Amino acid sequence: MKLLEDRIRKEGIVLPHNVLKVDSFLNHQVDPQLMFEVGKEFAKRFADKPITKILTVESSGIAPAVMTGLAMQVPVIFARKHKSLTLTDDLYTADVYSYTKQTTNKISIAKRFISADDSVLIIDDFLANGQAVQGLLNIVDEANIEVQGIGIVIEKTFQKGRTLITKRNIQLEALAQISSLENGEVQFLN
Ligand code: 5GP
């Protein structure tokens, strides 16, 4: 998606450990117009799938997920991150190792918001090693729900997230694919 690549080129800052900072339009300040375009693009790419709900993880997945929900006219559920969980009976939970924070978080979704009739699209801001997506897939498996696709705003193709997803034969769409962040420079795939 050219609009997104242009913004990454213009405003993305490469940090150590292969981390791209895009907090001027996605991870802190949010550009609603750009996110709306992102949402419409995901809606187009998954138009043939019978999607009933969108799942994401708080907090940076929420903006693109909500715009996709708006474009597809379906509800959006964001998994919450908890330090301790007391209401385990009513929640699906999974452990997720955070690449940027280098800590493990428990994510959870209330059982009442998803049912076996649902058919979901997973949306997230970044795909690095795939831990966040894997956490959502664990929840979806536990809930016996079908995953119709995974939409990622920015994929770092030099990390192993895609391998994990394609092993499961799930349609994966990334709107910007970054093949390298070496020497502080953003290189896009192709
Ligand atoms: P994964 O679970 O695929 O290893 O990493 C995905 C999560 O880590 C994303 O939800 C995102 O919050 C964070 N993340 C991973 N790599 C980056 C990065 O280069 N930049 C930013 N801003 N977040 C990242």
Side-chain angles (χ1 to χ4, degrees), residues 1 4-32 34-35 38-39 42 54-69 76-83 92-109 120-141 147 149-168 170-189:
M1 188 179 170
L4 177 64
E5 288 183 3
D6 288 347
R7 281 300 279 277
I8 295 170
R9 266 194 206 98
K10 209 166 138 218
E11 295 171 31
I13 299 164
V14 180
L15 298 180
H17 310 293
N18 284 324
V19 171
L20 178 69
K21 187 170 172 171
V22 283
D23 62 353
S24 62
F25 61 87
L26 179 60
N27 291 137
H28 193 13
Q29 175 170 264
V30 173
D31 180 339
L34 178 65
M35 288 305 114
V38 161
F42 281 135
I54 292 173
L55 298 189
T56 188
V57 184
E58 69 174 346
S59 52
S60 292
I62 296 176
V66 166
M67 289 306 187
T68 310
V76 177
I77 303 158
F78 61 90
R80 307 191 69 152
K81 292 172 181 164
H82 292 254
K83 284 218 159 61
Y92 293 112
T93 64
D95 285 330
V96 173
Y97 178 77
S98 163
Y99 180 78
T100 45
K101 299 195 182 80
Q102 308 206 335
T103 52
T104 299
N105 277 309
K106 217 174 253 309
I107 60 164
S108 62
I109 290 180
V120 300
L121 171 64
I122 290 174
I123 297 283
D124 207 4
D125 59 337
F126 271 86
L127 180 66
N129 289 317
Q131 295 304 296
V133 166
Q134 185 60 58
L136 287 173
L137 287 173
N138 290 347
I139 287 177
V140 157
D141 287 346
V147 183
I150 296 175
I152 299 291
V153 182
I154 304 173
E155 176 188 3
K156 294 185 291 183
T157 61
F158 55 90
Q159 293 184 271
K160 60 180 195 310
R162 177 171 287 264
T163 318
L164 197 139
I165 294 162
T166 44
K167 254 190 216 156
R168 284 188 51 148
I170 301 170
Q171 181 183 347
L172 170 62
E173 297 288 340
L175 304 189
Q177 291 184 294
I178 292 174
S179 58
S180 165
L181 291 174
E182 271 170 37
N183 305 319
E185 256 178 54
V186 180
Q187 298 283 348
F188 292 98
L189 200 68

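Note that this is a predicted model, so its numbers are computed, not measured. Numbering of ligands and ligand atoms starts at 1, following listing order.
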Legend entry - Distance from atom 22 (N) of ligand 1 to nearest protein heavy atom, with residue and atom: N27 OD1, 2.9 Å

Legend entry - Proximity to ligand 1 by part of V19, non-hydrogen separation under 4.0 Å: both

Inset, instruction - Measure the CG-CD distance between L121 and E173 for me, rounded to the nearest 0.5 Å. - result: 10.0 Å

Legend entry - Under 3.5 Å: N/O of V133 near N/O of ligand 1: no

Inset, instruction - Specify side chain, backbone, both or neither for A128, according to which of its non-hydrogen atoms lie closer than 4.0 Å to ligand 1. - result: both

Inset, instruction - Using non-hydrogen atoms of the residue, decide whether K156 is closer than 4.0 angstrom to ligand 1. - result: yes

Legend entry - Donor-acceptor contact present, side-chain K81 to main-chain E58, <3.5 Å: yes

Inset, instruction - Please write down residue, atom name and distance for the protein heavy atom closest to atom 24 (C) of ligand 1. - result: T100 CG2, 3.4 Å

Legend entry - Any G130 heavy atom less than 4.0 Å from ligand 1: yes

Legend entry - Nearest heavy-atom neighbours spanning K156 and A128: CE-CB, 3.8 Å

Inset, instruction - Would you mind running through ligand 1 and noting each atom that sits below 4.0 Å from a heavy atom of Q131? - result: 1 (P), 2 (O), 3 (O), 4 (O)

Inset, instruction - Could you tell me if any non-hydrogen atom of L20 lies under 4.0 Å from any atom of ligand 1? - result: yes

Inset, instruction - Just need the protein heavy atom nearest to atom 6 (C) of ligand 1, so name the residue and atom and give the distance. - result: F126 O, 3.5 Å

Legend entry - Distance-only donor-acceptor check, side chains T104 and D95, under 3.5 Å: no

Inset, instruction - Drop me the distance from I77's CD1 to I54's CD1, to the nearest 0.5 angstrom. - result: 10.0 Å

Legend entry - Close approach, N18 and ligand 1, non-hydrogen under 4.0 angstrom: yes

Inset, instruction - With rounding to the nearest 0.5 Å, note down the distance linking CD1 in I150 to CG in L127. - result: 8.0 Å

Inset, instruction - Number the atoms of ligand 1 from 1 as they appear, then name those within less than 4.0 Å of a heavy atom of A132, with their elements. - result: 2 (O)

Inset, instruction - Do me a favour and list the nearest non-hydrogen protein atom to atom 9 (C) of ligand 1 with residue, atom name and distance? - result: D125 OD1, 3.3 Å

Inset, instruction - Keeping the roles fixed (side chain from T56, backbone from I123), state whether a donor-acceptor pair exists under 3.5 Å. - result: yes

Inset, instruction - Before signing off on this row, confirm whether N129 and ligand 1 have an N or O atom pair separated by under 3.5 Å. - result: yes

Inset, instruction - Flag the pair E155 and R162 as a salt bridge only when some basic side-chain nitrogen lies within less than 4.0 angstrom of an acidic carboxylate oxygen. - result: yes

Legend entry - Nearest non-hydrogen partners of A65 and V76, listed with the distance: O-CG2, 3.4 Å

